[in-house]
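Start at 1 and go down the list; that is how both ligands and their atoms are numbered.
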Amino acid sequence: MIEEAARLIARSRFLIAFTGAGISAESGIPTFRGKNGLWENYRIEEVATPQAFSRNPELVWDFYRMRMRKMMEAKPNRAHFALAELERMGLLKAVITQNIDDLHREAGNTVVELHGNIYRVKCSSCSYRENLKESGRLEEFIEEKALPRCPECGALLRPDVVWFGEPLPESEWRRAVSLAKKADVCLVIGTSAQVFPAAYIPMIVKDEGGRLVEVNPENTGITHLADVVLRGSAGDVMERLLEKVKSCLAEKC
Ligand code: OAD
């Protein structure tokens, strides 16, 4: 199977990747579903909806500050670096991710973030936005106990992430769909493919005649559509796959 995947990738014309929480599991960031998943310990309706934020912004901010802390400590792993190398080799064109942890960017990939970014905040009322990593305020922001307020209008700041019941950011979605339509091969890594519209991305690739290579230790909502399924952890599989792609290119497989 891994040889077949390597051949598809080495011969691809427009390779993209679609990723989810599983790719960051080996960086120490918990996934959402399944055993020990985040949604086992927190209720979506209490921490990840606009209604939750209106009802109890303290609880929502405690949750996101906790996640900021966790993600700040995380480093890209072998799977993120393998994708960055595939892009440097000219094969991979972009990573479309549901993750908000910034690890693909840190590893060096071109990234389309469908669900926002943990390091960005935006005003719940006006158009103010801030990237806390870039403004150098991240640590101070995380340690603050009070609810964060907009420096321009005084309304509450909120995380610039997509909550359940909210639309995806329009320009990111448009970019993702356009990449998916162009792709002849898509690596689908570490996602249960259960959350829509994001999970339409690999389906669009398939609809347009592209091939799917799934990397996941378990069956997912997309497994039945995958042309090649590579079972295992993202770090291990992606490291081996990258080596196979390189030898495939060297030997003109
Ligand atoms: P899930 O938690 O639903 O799925 C994680 C997937 O990663 C599962 O299929 C696991 O089998 C797989 N996995 C676990 N460990 C892995 C490893 N080491 N290597 C590879 N795969 C591994 O996460 P997502 O599919 O990303 O949305 O969830 C999608 C969206 O649901 C998230 O973006 C988030 C969530 O609620 C919002 O918050 C809007």
Centroid separation F141 to W61 less than 6.0 Å: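 Yes, ring centres under 6.0 Å apart.
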Under 4.0 Å from ligand 1, counting heavy atoms only, is it the side chain of [X], its backbone, both or neither?
| X | answer |
| --- | --- |
| V195 | side chain |
| W39 | side chain |
| Q194 | neither |
| H115 | side chain |

Which word best sums up how the rings of F164 and W39 line up, parallel for under 30°, tilted for 30 to 60°, or perpendicular for over 60°?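 Perpendicular.
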Okay, side chain of [X], backbone of [Y]: is any donor-acceptor separation there less than 3.5 Å?
| X | Y | result |
| --- | --- | --- |
| N109 | L83 | yes |
| S124 | L156 | yes |
| D184 | R13 | yes |

Any N/O of [X] closer than 3.5 Å to an N/O of ligand 1?
| X | result |
| --- | --- |
| F32 | yes |
| A21 | yes |
| G190 | yes |

Hey, are [Y] and [X] close enough side-chain-wise for a donor-acceptor pair under 3.5 Å?
| X | Y | value |
| --- | --- | --- |
| R137 | N131 | no |
| S135 | E130 | yes |
| S27 | S24 | no |
| T110 | E87 | yes |
| T220 | S192 | no |

Mark up the atoms of ligand 1 that fall under 4.0 Å of a heavy atom belonging to [X], in ascending order.
| X | answer |
| --- | --- |
| N216 | 8 (C), 9 (O), 10 (C), 11 (O), 12 (C) |
| G20 | 26 (O) |
| E218 | 11 (O) |
| T191 | 6 (C), 9 (O), 24 (P), 25 (O) |
| V162 | 39 (C) |

Among protein heavy atoms, which sits nearest to [atom], and what does the distance come to when rounded to 0.1 Å?
| atom | answer |
| --- | --- |
| atom 19 (N) of ligand 1 | A234 N, 2.8 Å |
| atom 16 (C) of ligand 1 | G22 O, 3.5 Å |
| atom 21 (N) of ligand 1 | P217 CD, 3.2 Å |

Counting heavy atoms only, which of [options] is nearest [atom]?
| atom | options | answer |
| --- | --- | --- |
| atom 38 (O) of ligand 1 | W163, F164, F18, F196 | F164 |
| atom 31 (O) of ligand 1 | R33, E26, E214 | R33 |
| atom 4 (O) of ligand 1 | G37, A25, S192, G221 | S192 |
| atom 29 (C) of ligand 1 | K35, Q98, E113 | Q98 |

Exercise: identify the closest heavy-atom pair between V47 and Y64: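 Residues V47 and Y64, closest heavy atoms: O-CE1, 3.5 Å.
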A quick test of your reading: do over 12 heavy atoms of other residues, nucleotides or ligands sit less than 6.0 Å from CZ of R211?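 No, not enclosed.
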